[in-house]
Amino acid sequence: MESVTVTPDQVRGWCATDETAVDAFQGWASKRSESRRECGIGRAGDLRRPPVVSIAPPLDRAALRPGHVLEIAGPSGSGKTELLIQAAVSCVLPASFNGVSYGGSEAVVLMFDLDGRFDIARLTSVLKARINGKLFYQFLREQTSNSICLEEQGEEVLRASLRRFYCLRCFKSFEFLASLKSLHIQSSRISQEHHGKAVQLVLIDGIGSFYWLDWMSSCAAAYTSRRTLGVQRFSELIVQELRNLRNTKLFLVLATKALLYAPPKRKAIASRIQYREYMPAAWQRFVTHRLFLQPPPQAASGARVFTAQWDKPSLVEKDEFFIHNVSELALFVMAN
Amino acid sequence: MAPLRTLGFASLTPRVLEFLERNKIVTVGDFVSQELDSGVEDPEIQKFKSELATFLEECHGKWENGDEMLQKNLQAGSLSTGFESLDSLLKGGLKDGTITELVGPSSSGKTQLCMHSAACVAYHHKFSVAYVDASSSFSAERVLQMMCGRRCSSIAIEDDVKEAMRRIFCFKVYDVHGLLEVLHSLYDPASSFPGPVHLRLVIVDCLASVLSPILGGNNAQGHTLMMSVAQILKSIAINRNICVLITNNTVAAEDEELKPALGESWKSVPHVRLMLAKDHDNNSCTVTLLKHTSLACDAEVTFCFDRG
C-alpha cells in the first residue's frame with residue numbers, strides 16, 4: 001500500500017470543518033484511490049465492500065471476498081488441490097437452470113497449473129456429483145419429471161459449467177509471468193466470450209514449484225552477462241502483474257503451496273501447525289489469509305480425516321474434514 | 001533471446017522502437033520483466049503490446065477450456081503394464097501424459113515391473129520404448145523371456161519378437177548430467193541423438209541412484225539438479241504425450257516405516273505413486289496405490305512374476 005503524505009494544515013482543515021454525513025460520504029467516494037479499492041479487507045464505514053464469495057467448507061470460516069489472497073499450505077497428500085477443485089465447482093455452477101437451483105456463482109475461473117498435475121477427470125467427477133445431487137432432489141420433489149430429460153439437463157449444465165473453467169500449464173516462472181502479462185493486455189477477450197461475466201476466481205496450483213529452478217538461475221546470474229531474474233525478482237513481478245489484473249476487476253486468489261522441507265514430526269502433536277516458510281517477502285506481503293492442512297495419519301483405519309487450521313486470521317480451533325468417494329458421488333463433508 | 005527488432009512484428013514503428021529504447025527493452029525477456037507505466041495512452045504502443053501478447057500466448061500455450069480438456073482426456077490412451085490386476089487398479093494402466101513412480105525397498109520387483117512394461121508395450125502395443133538404465137540392471141535376456149514366455153528357445157526367435165526387441169532403446173547413464181543429456185535428447189527428437197519413432201514410454205530406472213548422492217550437504221546444488229530433472233520429465237510427459245515410468249528407493253522414516261527417498265520436494269512431481277512390497281516366500285509382489293490425481297488411494301493388488 002502506498003503511503004499518503006498529508007500536511008498539518010490539511011489535518012487542521014479536516015478537523016475544523018463541520019459537515020453532514022452526506023457530505024462526508026461524498027468526500028470519501030471522490031477521494032477513493034486505487035489502493036483502497038484493492039484492499040478488500042473490510043474497514044468500518046467502507047460501504048462498498050464486494051460481497052463474500054460463497055465457497056465450500058472449510059474455506060468458508062473466514063469471509064473471503066474478491067480482493068483477498070488465500071494461501072493453502074501443506075505437505076503432499078493433504079488435500080490442497082482438492083480444496084481448489086471444490087472452490088472452482090462452487091464458482092462455475094449456475095445459480096439455477098430450468099427450475100433447478102444449483103447454488104453456484106456462474107462466473108469464470110482461471111487456473112494456473114504450475115505443478116503440471118491437474119486432472120480434469122477429478123473436476124468433472126466432483127461437478128457431476130454436485131449436479132446429480134441437485135437433480136435427484138428435484139426428482140424427489142416433482143415426481144412427474146422424466147429421468148431421461150433430467151439426465152440430458154445434467155449433461156448440458158456440466159458442459160456449460162466446464163466452459164467457464166480455463167486452465168493453463170506453465171513449466172517455468174518466465175512462462176507464468178508472460179501469461180499473466182498477456183492476460184492483462186487481452187483481458188477483454190475472455191469476458192467478451194462470456195457475455196460480460198468477469199473472472200471471479202483465480203487458482204494457482206503450486207506457487208512454490210519453481211523455487212529451486214529460480215534459485216539456480218539467480219546463482220548463475222553472477223556468471224552470465226545477461227540480466228537473469230532470481231527468486232525475489234520473479235516474485236515481485238508476479239505480484240505486480242496480479243495487482244495489475246485486479247485493477248480492471250477484483251477477483252479472489254487461491255494459491256496452494258507445497259512444502260520444500262519435511263515438517264517436524266514432534267511439533268505436529270502441539271496445538272498449532274507450523275511449517276517452514278520459504279516464499280519471498282513480496283509474496284508473503286501479498287497474502288491476506290493463510291490455511292494450513294495436515295494429511296491423515298498413516299496408520300489410521302477407517303475414514304481418513306484431514307485437518308485444517310487457519311494461520312491468518314489466527315484461529316485456535318482446527319477443522320476436520322474427509323473426502324468421500326461413493327461411486328460417482330464425491331461429497332465433501334465437515335466432520336467437526 | 002532474440003532482439004524484438006528481428007522478430008518481424010508489423011506494429012514495430014519507429015516511434016514504438018524509440019519508446020522501447022528509452023525503457024531499455026531489447027528482447028522479449030526485457031519486456032516481460034519490466035513494468036511499463038509510461039506510454040500507456042499511445043495507440044501505436046497499445047497495438048504493439050497486443051501483438052506481442054498474442055505472440056507470447058502462442059509460444060507458451062493457449063488457455064484451455066474445461067470442455068476441450070475433458071474431450072482430450074477421454075480420447076487419451078493408456079498403456080498396459082502386462083498385469084491385468086495392476087491395470088484395473090490404475091483404471092486402464094499407464095496413462096499418456098503422466099509420470100508414474102514405483103517406490104519400494106531393494107529387490108521388491110521394481111526393475112522387473114519396468115522390464116515387463118517395456119516388453120508389453122513393445123510386443124503387444126507395438127510402440128517404441130526408451131529405457132534409461134541408471135542402475136545397470138537392464139537385462140535383454142530377461143526382457144526376451146518376458147516377451148516369449150516358456151515357449152522361447154535360444155536358437156529360433158520369431159520375427160515379430162525380434163521386431164519388438166528392436167523397438168526398445170536402452171540408454172546407460174552413470175550420473176545426473178548424463179541423465180539430463182539423454183532426457184533432453186528424448187524431448188527434442190530433432191537433436192543429433194538417434195531418437196526412436198512413435199515413442200510412447202520412457203522408463204528411468206533407478207532415479208534415486210543418480211540423485212541421492214548429490215542431495216544433502218551444505219549447498220542446495222543437488223536440489224536444483226533434481227528439480228531440473230523433474231522439469232524435463234514433466235515436459236516430456238505433458239508436451240509430447242508420453243507415459244513416464246520412474247523408480248525410487250525407500251529410506252527409513254521416524255516411526256520405523258518406509259518412506260520414499262529424494263525428500264519432500266520430490267513428492268509433488270509424480271502423478272501416480274505405487275508402493276511395491278515383495279513376499280519372498282510365495283514370490284508375489286503387492287502393489288499399493290499411494291497417490292493418484294483422481295482415484296481414491298490405499299487400494300492394493302497382488303500378482304506374481306513369471307519366472308520363465
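Remember, predicted model here, so these are calculated numbers, not experimental data. Just so it is clear: chains get the letters A, B, ... in the order the sequence lines come, proteins before strands, and each one is counted from 1.
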A.B. asks: Cationic tip of K62(B) within the cone over Y166(A)'s six-membered ring, i.e. under 6.0 Å and within 45° of the normal?
C.D. replies: no
A.B. asks: So, does R117(A) use its side chain to make a donor-acceptor pair with the main chain of P270(B) at under 3.5 Å?
C.D. replies: yes
A.B. asks: Return the CH2 to CE distance between W212(A) and M226(B), rounded to the nearest 0.5 Å.
C.D. replies: 8.0 Å
A.B. asks: Working to the nearest 0.5 angstrom, can you tell me the gap between R233(A) CZ and S33(B) OG?
C.D. replies: 7.0 Å
A.B. asks: Side chain from CB out, backbone as N, CA, C, O: work out which of these in F210(A) comes under 4.5 Å of a heavy atom of chain B, or both, or neither.
C.D. replies: neither
A.B. asks: Could you look at Y261(A) and say if it's the side chain, the backbone, both or neither that has a heavy atom under 4.5 Å from chain B?
C.D. replies: backbone
A.B. asks: How far does CZ of R273(B) sit from OG of S76(A), to the nearest 0.5 angstrom?
C.D. replies: 6.5 Å
A.B. asks: Looking at L52(B), T293(B), T27(B), L290(B), which has the largest count of heavy-atom pairs under 4.5 Å with chain A?
C.D. replies: T293(B)
A.B. asks: To the nearest 0.5 angstrom, please state how far the NZ atom of K181(A) sits from the NZ atom of K49(B).
C.D. replies: 7.5 Å
A.B. asks: Please flag which part of L70(B) lies under 4.5 Å from any non-hydrogen atom of chain A: side chain, backbone, both or neither.
C.D. replies: both
A.B. asks: I'd like to know which of G208(A), G206(A), P75(A), A178(A) tops the heavy-atom pair count under 4.5 Å against chain B.
C.D. replies: A178(A)
A.B. asks: Please examine the side chains of M69(B) and C167(A), heavy atoms only from C-beta on, and report whether any two atoms are closer than 4.5 Å.
C.D. replies: yes
A.B. asks: Picking from H223(B), K234(B), E68(B), which has the most non-hydrogen pairs under 4.5 angstrom with chain A?
C.D. replies: H223(B)
A.B. asks: State the CZ-CG distance between R122(A) and N73(B), to the nearest 0.5 angstrom.
C.D. replies: 13.5 Å
A.B. asks: Are E264(B) and L260(A) close enough, and set up right, to give a side-chain contact (heavy atoms from CB on, under 4.5 Å), and what steps lead you there?
C.D. replies: CA-CA 6 Å; E264(B) 192 70 31; L260(A) 288 192; over 6 Å; no
A.B. asks: Of all of L158(A), L177(A), T81(A), which one pairs up most often with chain B through heavy atoms under 4.5 Å apart?
C.D. replies: L177(A)
A.B. asks: So how far is it from L162(A) CG to Q71(B) CD, rounded to the nearest 0.5 Å?
C.D. replies: 9.0 Å
A.B. asks: For the side chain of H271(B) and the backbone of G116(A), is there at least one donor-acceptor N/O pair under 3.5 Å apart?
C.D. replies: yes
A.B. asks: So which part of L237(A) gets closer than 4.5 Å to some heavy atom of chain B, the side chain, the backbone, both or neither?
C.D. replies: side chain
A.B. asks: Just by modelled atom types, is the F171(A) backbone N or O under 3.5 Å from a matching donor or acceptor in the Q231(B) side chain?
C.D. replies: yes
A.B. asks: Report yes if some heavy atom in the side chain of L56(B) is under 4.5 Å from a heavy atom in the side chain of S179(A); otherwise report no.
C.D. replies: no
A.B. asks: Do S182(A) and T54(B) pass the side-chain contact (heavy atoms from CB on, under 4.5 Å) test, and can you show the C-alpha distance, the side-chain angles, and the key distance before you say yes or no?
C.D. replies: CA-CA 7 Å; S182(A) 65; T54(B) 325; over 6 Å; no
A.B. asks: When the aromatic ring centroids of F112(A) and W63(B) are compared, is their separation below 6.0 Å?
C.D. replies: yes
A.B. asks: Could you pull out the closest heavy-atom pair between F174(A) and G29(B), with the gap in Å?
C.D. replies: CE1-CA, 3.7 Å
A.B. asks: With S294(B), which of T124(A), D119(A), I120(A), I85(A) fulfils side chain to side chain contact (heavy atoms under 4.5 Å, CB included)?
C.D. replies: D119(A)
A.B. asks: With the side chain counted from C-beta on, respond yes when E64(B) and L168(A) share a heavy-atom pair under 4.5 Å apart, and no when they do not.
C.D. replies: no
